[in-house]
Amino acid sequence: QVHLVESGGGLVQAGGSLRLSCEASGSIWSVATWAWYRQAPGAQRERVAVVFSDSRTSYELSVKDRFTISRDNSKNTVSLQMNGLKPEDTGVYYCNADILRRRSTFQENFWGQGTQVTVSS
């Protein structure tokens, strides 16, 4: 019923930039918290950025000052601007959201399908 779809992944050289986007669709009343996670090959999934309802943000230390998360409440979208990319940023990036559905009284957590980001050295 509720679906998150990421876009914007691809192959980029070290030092380059990419902008990821994610759109939520379906029976949505509101999105509370948006987050981006990534999973490198052979590694655990980690949260890299989060933006709360009041637009305050938090970042994983390794991406701080390089990545920027932002949200558009009118479009139910979130973006991740990634600058100064490094090979260690390579992985599958997933968007994640806490969403209140229409006619619901509780928030539910949803995941996108993931988009591949590859940074070459």
Side-chain angles (χ1 to χ4, degrees):
Q1 187 174 344
V2 172
H3 301 279
L4 308 185
V5 179
E6 301 99 333
S7 61
L11 175 65
V12 65
Q13 293 182 338
S17 298
L18 283 174
R19 185 176 180 88
L20 307 182
S21 296
C22 179
E23 181 177 6
S25 61
S27 184
I28 297 169
W29 181 256
S30 63
V31 179
T33 302
W34 280 107
W36 285 97
Y37 289 73
R38 70 184 178 191
Q39 189 164 22
Q44 295 270 281
R45 188 173 299 185
E46 64 176 352
R47 194 181 77 183
V48 298
V50 60
V51 57
F52 300 101
S53 299
D54 60 1
S55 293
R56 293 185 179 184
T57 59
S58 183
Y59 298 92
E60 198 275 327
L61 184 59
S62 68
V63 310
K64 190 176 182 181
D65 300 325
R66 298 189 297 120
F67 290 11
T68 302
I69 187 171
S70 59
R71 63 189 294 161
D72 187 334
N73 292 333
S74 68
K75 298 179 180 179
N76 287 328
T77 60
V78 66
S79 295
L80 185 69
Q81 179 67 46
M82 305 185 293
N83 298 325
L85 284 163
K86 305 174 180 180
E88 49 263 46
D89 294 320
T90 292
V92 179
Y93 283 69
Y94 301 87
C95 64
N96 177 270
D98 291 326
I99 295 174
L100 179 66
R101 292 192 194 179
R102 296 186 188 277
R103 296 179 296 280
S104 180
T105 59
F106 60 96
Q107 295 177 12
E108 299 171 74
N109 190 256
F110 297 89
W111 290 92
Q113 82 289 346
T115 185
Q116 177 71 43
V117 171
T118 303
V119 184
S120 62
S121 59

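Along the sequence shown, residues carry numbers from 1.
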Work out which heavy atom in [X] is nearest to a heavy atom in [Y]; give both atom names and the distance.
{"X": "S17", "Y": "G84", "value": "OG-N, 4.3 Å"}
{"X": "V119", "Y": "T90", "value": "N-OG1, 2.9 Å"}
{"X": "V31", "Y": "S53", "value": "O-OG, 4.5 Å"}
{"X": "L4", "Y": "A97", "value": "CD1-N, 3.9 Å"}

Does the side chain of [Y] come within less than 4.5 Å of [X]'s, by heavy atoms?
{"X": "R103", "Y": "S27", "result": "yes"}
{"X": "S79", "Y": "R19", "result": "yes"}
{"X": "V5", "Y": "Q113", "result": "yes"}
{"X": "E108", "Y": "I99", "result": "no"}
{"X": "R71", "Y": "N73", "result": "yes"}
{"X": "R38", "Y": "D89", "result": "yes"}
{"X": "T77", "Y": "W34", "result": "no"}
{"X": "M82", "Y": "L18", "result": "yes"}

(request) Verify the cluster assignment for V92 and W111: are they in a single hydrophobic cluster under the rule of side-chain heavy atoms below 4.5 Å apart? (result)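 Hydrophobic grouping puts V92 with W111.
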(request) May I ask you to say whether R47 pairs ionically with E60, meaning some side-chain N is under 4.0 Å from a carboxylate O? (result)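 Salt bridge flag = no for E60 with R47.
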(message) According to ring pair (Phe, Tyr, Trp, His ring centres under 6.0 Å), who are the partners of F110, at least two apart in sequence or on a separate chain?
(response)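 F110: no ring pair (Phe, Tyr, Trp, His ring centres under 6.0 Å) contacts found.
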(request) State the OG-CG distance between S58 and L61, to the nearest 0.5 angstrom. (result)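 So the OG of S58 and the CG of L61 are separated by 10.5 Å.
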(message) To the closest 0.5 Å, what do you measure between CH2 (W36) and OG1 (T115)?
(response)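 If I round to the nearest 0.5 Å, the distance is 7.5 Å.
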(request) Give the C-alpha distance, both sets of side-chain angles, the deciding distance and a yes or no for side-chain contact (heavy atoms from CB on, under 4.5 Å) between E46 and V48. (result) CA-CA 6 Å; E46 64 176 352; V48 298; 4.2 Å; yes
(message) When you measure from the side chain of E6 to the backbone of C95, do you find a donor-acceptor pair of N or O atoms at a distance under 3.5 Å?
(response)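 Here the side-chain-to-backbone pair exists.
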